[in-house]
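The block underneath contains the structure these notes are about, expressed in structure tokens.
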Amino acid sequence: MRTSILLWFLPCLVFGAHLPDPRESIGEEPAVFAATNDEITNLVEQLYSADVNKASSGDITLNLQYLASSTQTSSGTDYASQKLFSYVNEAKLFARPTFSRYIALLDNYVKTTGTAESVTSGEVSEQNAFIDEVFRTSVFSLLSNFLVSKGYYTSTTSFKDDLKLMWFGLYTRTKGPLDSSGFEHIFHGEIHGGKVSGFHSWVQFYLQEKSGQMNYLSYSANGPWNGYPDVLGVQFKWSGYLKSIGSMFVGTSPEFDFAVFTLCYVTRPDSVCTVKMGGQTLRIQTYTWANSTYGNNKRYVASSYPVV
Ligand SMILES: *[C@@H]1O[C@H](CO)[C@@H](O)[C@H](O)[C@H]1NC(C)=O
């Protein structure tokens with residue numbers, strides 16, 4: 001009798017069966033912060049050190065040109081006649097597996113909202129290949145171990161499965177067609193309501209500039225980091241549409257951007273996540289998509305980006 005009662009209670013104690021799942025508490029209930037601010041800050045320092053695929057100083061040459069004042073950022077004035085990226089060592093950086101898997105995803109999207117995204121089986125394979133590749137990096141091992149150890153996920157597999165839905169799951173920004181996802185918004189960029197929405201990837205910025213779709217106008221913020229990664233606030237027109245204050249890491253690997261944006265999204269949804277890179281403070285703003293859900297009432301990524 002005693003033994004059977006003990007056996008009945010033991011799994012509850014061991015697996016914390018009655019603890020609330022932090023991922024289910026977004027919205028109605030107060031958020032459960034299973035990870036402390038210090039733990040998040042320390043983890044990002046570790047990710048920063050572990051980002052072996054990032055650019056070295058000579059791999060990128062930036063041409064910042066004009067520093068816009070806060071009143072100039074929304075004017076749409078082209079203060080920069082030259083491109084932002086004078087040089088990127090594509091042969092070295094873009095040959096790295098996480099870069100090439102990321103770049104392969106960029107032609108999968110219709111950038112203007114209002115048109116449903118069609119996702120072919122080939123595109124799903126590309127998404128899986130990207131996710132598999134980032135999970136091979138030490139940046140993602142650190143992130144995955146952290147989220148599992150803090151109880152956000154029960155295993156690496158459950159984190160990986162949720163990551164795919166959270167970032168690639170489709171939702172509608174125009175009350176109808178499934179025209180958006182967190183990945184498209186942040187890592188590709190969208191045209192919505194007559195302006196650029198999202199777009200927080202330096203690689204995509206560089207590629208769009210190279211293809212003639214991007215007109216760099218000015219910068220409004222340049223982070224305190226020497227070399228890469230750095231963080232920039234920029235003004236630009238993409239296919240003629242204005243982004244008055246865009247922000248992005250520069251020189252990071254795709255897995256680093258993906259890890260930091262995911263970490264802050266999962267642990268600090270709909271708020272500002274304050275972290276450090278090399279001792280210098282950085283803030284990441286995250287938003288959940290409140291209009292539709294997946295799984296057990298979970299929310300898709302609406303946005304996650306550096307505050308400048
Ligand atoms: C999302 O929900 C809010 C609140 O119900 C609503 O005002 C808004 O129009 C919705 N947006 C979309 C794109 O469905």
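Numbering of ligands and ligand atoms starts at 1, following listing order.
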Item to complete: Could you tell me whether some N/O pair between Thr174 and ligand 1 is separated by less than 3.5 angstrom?
Response: no
Worksheet item: What are the two closest non-hydrogen atoms of Ile40 and Cys273, and how far apart are they?
Response: CG2-SG, 3.9 Å
Worksheet, complete the sentence: Tightest non-hydrogen contact, residues Asn53 and Phe99, listed as O-CE1, 3.4 Å
Worksheet item: Distance below 4.0 Å between atom 5 (O) of ligand 1 and any protein heavy atom?
Response: no
Discussion item. A cation-pi test, strictly: NZ or CZ of Lys160 under 6.0 Å from the centre of the six-membered ring of Phe135 and no more than 45 degrees from its axis. Yes or no?
Written reply: yes
Discussion item. Walk me through whether Val119 and Gln127 qualify under side-chain contact (heavy atoms from CB on, under 4.5 Å).
Written reply: CA-CA 10 Å; Val119 184; Gln127 294 170 0; 4.0 Å; yes
Fill in: Closest protein heavy atom (residue, atom, distance) for atom 14 (O) of ligand 1
Asn291 ND2, 3.1 Å
Worksheet item: Short list, please: which atoms of ligand 1 are under 4.0 Å from a heavy atom of Arg173?
Response: 13 (C)
Discussion item. Show me which atoms of ligand 1 lie under 4.0 Å from any heavy atom of Thr172.
Written reply: 13 (C)
Practice prompt. Would you please say whether a donor-acceptor pair under 3.5 Å links the side chains of Asp179 and Thr113?
Written response: no
